[in-house]
Amino acid sequence: APLPSHSPSHPPSPPSSLRFPTQTLPLHSLPSSPLPFSPSHPAAPMEEVVASNAARREVDTPNGSGKSLKAPLGLPFPVFLVIGFLSTISCARADSPEGHRRVFVFRHCFRSTPASSSHAVPEFEHMLNYTNKGTLPPWNTPTKWCTEGGWKISSGTGSDLASRFVPDGGTVSIISDTSMRCSDTALAILRGLGEGVRPIHYDAPIFHALEPDVGPAACQASFTDDDLVSAARERLDTVPTPTEYSEAYSLFERLLGIGVAGPLGNLSPVASVSSSGHLFGVVGALKRLSQMLFYSYASGAPWVSGASTDDLYNLIAWQHYFRSVNSINVETATNNAQLLKRILNTLGSTDSSDTTIFVGHDSNIDGMATLLNLNWEAPPYKGGALLPSPPNS
């Protein structure tokens, strides 16, 4: 499969004894029994996946300068982590070099973000309404694709996996969603794991069972909007905000100024639940703005100057808060039922790889939290009920 045009030079290689199985999973099928499959057709070539994504996504580079991004050699904060409960899911296996199978569920890379959000204050959905800077981050990549710095960080994640978690001589499988950001992340992790051509399996329905990007739905909805409304309102009442809203407003306005929407404290609603069960209001603007500030900094092209390390962690906590309120519900559980089934089948099968890596979205980590009733700490990110799931976690 072709690597992205912005792919960096190879990172240090892991031991050459890593083995990657040649089996390829079908793009549209789901497991009816423990892995491995005996597919009737191979996965779509990477060129087709890339073309499909490019055709159905808006390809633009907001405020792009056309210059190549240069990611810093070192960041003042860790930008990838392995959530504890995921790093320790394993089963004994006699023929594995270390006697265990491991399953990792990763969120994709640091990516560019849309310029607007339907979750913001209704009359001020575009993010330029909330700043006097006049520009948004110069992502230099299409919307929701990996940034160059983000791709490098994902490659580093692969190298870290090889050095700390993947046993020498073990087999590795990578299964990815078909979205471009997941495909690029899977390629980057593969690059970090070592040299050579190895298969990446694409299976969209296990990452989003109700409405996958590619292929038929794997599950049907058995819930109503009222169920989602009730869940969001309950979470809104019980999940603590990262800080007081007034403190958050002061931080965002110190970095971004005050836009045409006016002071954040004068806007309403602050946090409300729509009739379809979705959170919106000022909190939705904070979510998107925090992504722009944190992701651009991690990618090596900060949107604004003056943000300290503590500021950045306080900012991104609002993204995690929004998701914790908005996404822990029966819809998320349904969307991730097939993924959890695949994880359990993989751990329970004597024919699966020693290490299996699933590359998906924060919604998939939310799904594991929902189905297994989990929360976690991931310092220096604010944890607990906020369920932090930054890129590459």
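For this chain, numbers begin at 1 and follow the sequence in order. From a predicted model like this one, the values you see are computed outputs, not experimental measurements.
Between Ala204 and Thr178, the shortest heavy-atom distance links the atoms CB-OG1, 3.7 Å. Across every non-hydrogen atom of Asp354 and Gly170, the tightest pair is OD2-CA, 3.1 Å. Between Ser116 and His126, the closest heavy-atom pair is OG-CD2, 3.3 Å. Of all heavy-atom pairs between Phe252 and Ser290, the closest is CE2-N, 3.8 Å. Nearest heavy atom pair, residue Asn132 against residue Ile258, reads CB-O, 3.5 Å. Listed here is the closest heavy atom pair of Phe280 and Val273: CE2-C, 3.9 Å.
Contact annotation: the side chain of Leu251 never approaches that of Thr243 to less than 4.5 Å [non-hydrogen atoms, C-beta and beyond]. A 4.5 Å side-chain heavy-atom check between Gln338 and Cys219 finds at least one atom pair inside the cut-off. Counting heavy atoms from C-beta on, the side chains of Val121 and Tyr130 come closer than 4.5 Å. A heavy-atom distance below 4.5 Å is not found between the side chains of Pro390 and Ile316. Taking the side chain as every heavy atom from C-beta outward, Leu372 and Leu340 approach each other to under 4.5 Å. Within the 4.5 Å cutoff, no side-chain heavy atoms of Thr185 are placed close to those of Thr157. When side chains are defined from C-beta on, Pro388 counts as touching Trp376, because their heavy atoms get closer than 4.5 Å. Within the 4.5 Å cutoff, the side chain of Val270 has no heavy atoms near those of the Val283 side chain.
Note: Asp366 CG to Glu331 CD = 11.5 Å, rounded to the nearest 0.5 Å. Distance check: Lys144 NZ to Ser179 OG gives 9.5 Å after rounding to the nearest 0.5 Å.
With Asp362 as reference, Arg107 is the one residue of Arg181, Arg107, Arg111 to meet the salt bridge (Lys or Arg N to Asp or Glu O under 4.0 Å) rule. The side-chain hydrogen bond (donor to acceptor under 3.5 Å, both in side chains) test with Asn364 is passed by exactly one of Thr332, Asp177, Asn336: Asn336.
Between Trp318 and Tyr321, the ring-plane angle classifies as perpendicular under the 30° and 60° cut-offs. Classification of the Phe294-Tyr313 ring pair by plane angle, with boundaries at 30° and 60°, yields tilted.
Between the side chain of Ser296 and the backbone N or O of Met292, at least one donor-acceptor pair lies under 3.5 Å.
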Worked check of side chain to side chain contact (heavy atoms under 4.5 Å, CB included) between Thr370 and Asn329: CA-CA 7 Å; Thr370 305; Asn329 54 41; over 6 Å; no
Audit row: Cys182, Tyr202, side chain to side chain contact (heavy atoms under 4.5 Å, CB included) steps and yes/no: CA-CA 10 Å; Cys182 293; Tyr202 294 92; over 6 Å; no
Full working for side chain to side chain donor-acceptor pair (under 3.5 Å) between Ser276 and Asp225: CA-CA 5 Å; Ser276 58; Asp225 284 350; 5.6 Å; no
Would you please test Leu264 and Leu286 for side chain to side chain contact (heavy atoms under 4.5 Å, CB included) and show each step? CA-CA 9 Å; Leu264 295 171; Leu286 299 186; 4.1 Å; yes
What verdict does the side chain to side chain donor-acceptor pair (under 3.5 Å) test give for Ser308 and Asp311, after you've listed the backbone C-alpha separation in whole Å, the side-chain angles of each residue and the deciding distance to 0.1 Å? CA-CA 5 Å; Ser308 68; Asp311 289 340; 3.2 Å; yes
Report the C-alpha distance between Leu187 and Asp184 in whole Å, list the side-chain angles of each, state the deciding distance to 0.1 Å, and finish with yes or no for side chain to side chain contact (heavy atoms under 4.5 Å, CB included). CA-CA 5 Å; Leu187 285 168; Asp184 267 1; 4.2 Å; yes
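Linking Ile, Leu, Val, Met, Phe, Trp and Tyr residues whenever their side-chain heavy atoms come within less than 4.5 Å leaves Leu279 and Leu228 in two separate clusters.
Using modelled atom types, one finds no donor on one side chain facing an acceptor on the other under 3.5 Å when comparing Thr356 with Arg101. Side chains of Thr224 and Asp227: a donor-acceptor N/O pair is present below 3.5 angstrom, by distance only.
Atom CD of Gln220 has 12 or fewer neighbouring heavy atoms from other residues, nucleotides or ligands inside a 6.0 Å radius. At most 12 non-hydrogen atoms from other residues, nucleotides or ligands lie less than 6.0 angstrom from CG of Asn373.
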